[in-house]
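A, B, ... follow the sequence lines: proteins, then strands. Residue 1 opens every chain.
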There are 2 protein chains.
Amino acid sequence: MRAVTLEDIAGIVGVSAKTVSRVVNKDPHVSPATRQRISDAIEQAGYRPNLAARSLATARSNLIGIFVPPAGSHFFSELVRSAMRACREHGYNLALEEFDGRRESAADTYRRGLRQQRCDGVILPPVAGDDMDLLDLLDQDGVRYVRISPAAQLHRSLSINADHARGTAAVAEHFWANGHRRFGLVAANPGVASGRIRRESFIGALMSRGIGLEAIEIVEFDSLVDQWGGTDWSLIDLGRLGGRRLLDTEAPPTAIFTYNDELAAGVVAEAQALGISVPRDLSVAGFDDSDAARLCSPALTTARQPIADIAAMAVAALAGEPQMPYQAISCPVSLVVRQSTATAPMSGF
Amino acid sequence: MRAVTLEDIAGIVGVSAKTVSRVVNKDPHVSPATRQRISDAIEQAGYRPNLAARSLATARSNLIGIFVPPAGSHFFSELVRSAMRACREHGYNLALEEFDGRRESAADTYRRGLRQQRCDGVILPPVAGDDMDLLDLLDQDGVRYVRISPAAQLHRSLSINADHARGTAAVAEHFWANGHRRFGLVAANPGVASGRIRRESFIGALMSRGIGLEAIEIVEFDSLVDQWGGTDWSLIDLGRLGGRRLLDTEAPPTAIFTYNDELAAGVVAEAQALGISVPRDLSVAGFDDSDAARLCSPALTTARQPIADIAAMAVAALAGEPQMPYQAISCPVSLVVRQSTATAPMSGF
DNA sequence: ACAATGAATGTCAGCGCTGACATGATCAGT
DNA sequence: ACTGATCATGTCAGCGCTGACATTCATTGT
């Protein structure tokens, strides 16, 4: 019971295999009548193109690779899901590559895995996209790639950047509008582009409102890791640590912004442990609108990246015939207000 | 800059392409000396087999398909992640197919999508594995499949079954031992085998302790989806809805078991919103030991399936040359006790 | 009426690999 | 030394498709 081939259809209809191929590939140079007969025969015989043969003939794999971290975060599961959908629409397949930056470089991971697959394009989310060896390798192999919110050599490739700056500023303004005047920030390592941008934007937005630096207490992510000691921390644990550092002071902030939702959830948990009510005494906002934001109680005010759009654009750029010029595409980040933020308490005075 | 081919390596070493192919495919009939020279040349020239050509020649795609639901639960992200790893180890690729049973039958989804890919094998997690049309189609196409915890025609294929019954019974007994006597259950569609089994096991275990049906309030998953209206629900949202239905009553249960952790987290959130303290006034237990279980505060008591093992076995069965005989493999499920369950409150009397 | 155009369709090699089979070399047993 | 078995290696077609190019035929302008 062999599978149906182009040749079979050609035989049925009485044309050459090439003409059938034309119909399958939507080549316009086929007469409507012939096209119809061929389409019918394809339908009737249940013909399905052999992708391997096509790949071999065209020297394209119709595969798009994507690097994903070993631990499943909201951002990545959403990204993969959306990318998969987009790939299907473009007739591509998505190949996942698990990448643990703590064990191996992105370039090595690529060498070991995805490279065998001869992807036509690769999507490089944060961290993987900042490995210059990997980019060199990709260039050398002639594999196109799109980076998502990269941190280094921004001019080097097409990149899709969530507008972390504006999203962060929106959070700052939301705090300000609610009367907050003393702030805390749990900031990520400035080596991560999004971390640096969010930090600077938060501070910048507040300063432009007249807030002085002395009213913004900053806790560094790295210092929390150091404080924790071991390697078995979770983001929530670090968030608790950060929350304690910010809240267990003379004049604690009334509003805290963190690099992501998991950290924010930790801050909330710690505040509650200290008898500080959220949002009555303290407002907390995170970033990403992840599951953690909804699981947290009260639910977190947060900033949401349009992950599905980002994935769709990345795939489109890779799948599209015309090589898109190198450029940086920006995506809006929107503020999602939930119950973890409210009007500043009066009690301060 | 053409890619390196078998022929190129053959030319360098001075043997035929076939011999190189033998080395690549670990055919034992190659002399150690030749093998070594060829291996060196492959290494040196950076040869990588063309998977498409191989597929075409062998009529095998080296692809394993898997059906995943549109909303990302822990179970499925873990399953996909583990299956992906296992596939890599066996030299296979994993093709995801998003399947929404509420929109389309699994068979139709397969026709539209995965079928084009000509997978060598398909992994059918719950729901998809219970669509007999799909199984017929797969048999007809000569595509092997493994079902995970199927609900129907259990004899029909190799299946891997987590012991949901025993895991669920363990939860019920844990509740009972803590003095609970009024129960709530957020149950999945009985069409889903694991859903039906968990429902029946929970009820059965309680009844065998002398609990009457009137003391077990059941909320159906599907009815929650209907109640929600739109399609933009998350499991947590539905859990909250379910929690409200169970708790906002005359004689609310003191212990609630849900189909999975995300739902349980929703129940906890809703309970807290209603001013009900977990676990003082209410014990809640989920299933899966997902991230949600640890993010939730208090952390959830839950039952853990060995998802990685399940995925690895499924892939091994599909990738292994010798067709494994039809059989049902059983995997243990273990109870993980955390802070969301405790002794029943006295207040009832 | 005839060349020039262009649209519809066909021919064919070859993408890189492997399966089936053929060949030649080596070796044990008589 | 000769036979037959065993092992190492080679030959070659063909998997199903598409790109480059060739051919056929109807249409148009002059």
Student: What contact category does B/T19 fall into here, base, sugar-phosphate, or nothing, at under 4.0 angstrom with non-hydrogen atoms?
Tutor: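 The residue B/T19 makes sugar-phosphate contact but no base contact.
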Student: Among pairs that include at least one residue of residues 11-30 of chain B, which meet side chain to side chain donor-acceptor pair (under 3.5 Å), considering only residues two or more places apart or in two chains?
Tutor: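 Output for this query lists B/S16-B/T19, B/S21-B/N25.
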Student: NA contact type, A/S55, heavy-atom cut-off 4.0 Å: base, sugar-phosphate, or nothing?
Tutor: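 Nothing: the residue A/S55, judged by heavy atoms under 4.0 Å, touches no strand.
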Student: Between the two end axes of the helix from C/dA1-D/dT30 to C/dT30-D/dA1, each built from 5 base pairs, what angle do you get to the nearest 10°?
Tutor: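 Helix axis angle between the two ends: 30°.
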Student: Measuring from A/L63:CG to A/C119:SG, what's the distance to the nearest 0.5 Å?
Tutor: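 A/L63 CG to A/C119 SG: 5.0 Å, rounded to 0.5 Å.
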Student: With sequence neighbours excluded, give me every side chain to side chain donor-acceptor pair (under 3.5 Å) pair touching residues 309-318 of chain A.
Tutor: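 Every pair satisfying side chain to side chain donor-acceptor pair (under 3.5 Å) with a residue in residues 309-318 of chain A: there are none.
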Student: For every nucleotide of nucleotides 12-27 of chain D, 5' to 3': is a protein heavy atom under 4.0 Å from its base (B), only from its sugar-phosphate (S), or from neither (-)?
Tutor: ---BBBBB--------
Student: Quick test of your reading: applying salt bridge (charged side-chain N to carboxylate O under 4.0 Å, His left out), list the pairs with at least one residue in residues 34-54 of chain A, sequence neighbours left out, ordered by first then second residue.
Tutor: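 Passing the test, one end in residues 34-54 of chain A: no pairs.
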Student: List in chain and number order the residues that pass side-chain contact (heavy atoms from CB on, under 4.5 Å) with B/A162, two or more places apart in sequence or in another chain; answer none if no residue qualifies.
Tutor: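 In terms of side-chain contact (heavy atoms from CB on, under 4.5 Å), with neighbours along the sequence ignored, B/A162 is linked to B/S149, B/H164, B/Q305, B/I310, B/V333.
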Student: Indicate whether OP1 or OP2 belonging to D/dA8 is found under 4.0 Å from a side-chain N or O atom of B/S31.
Tutor: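 No, B/S31 has no side-chain N/O under 4.0 Å of OP1/OP2 on D/dA8.
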Student: Among residues at least two apart in sequence or on other chains, which ones pass side-chain contact (heavy atoms from CB on, under 4.5 Å) with B/A41?
Tutor: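 By the side-chain contact (heavy atoms from CB on, under 4.5 Å) rule, B/A41 matches B/I9, B/I12, B/V13.
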Student: Return no unless some side-chain N or O of B/H29 is found under 4.0 Å from OP1 or OP2 of D/dC7.
Tutor: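 Checking D/dC7 against B/H29, no side-chain N or O comes under 4.0 Å of OP1 or OP2.
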Student: For B/N189, which residues count as a side-chain contact (heavy atoms from CB on, under 4.5 Å) partner, sequence neighbours excluded?
Tutor: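 Listed in chain order: B/V192, B/D222.
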Student: Determine which pairs satisfy salt bridge (charged side-chain N to carboxylate O under 4.0 Å, His left out) with at least one residue from residues 111-129 of chain B, sequence neighbours left out, and list them in order.
Tutor: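 For residues 111-129 of chain B, and leaving out neighbouring residues, the salt bridge (charged side-chain N to carboxylate O under 4.0 Å, His left out) pairs sorted by first residue read B/E104-B/R112, B/D108-B/R111, B/R115-B/D141.
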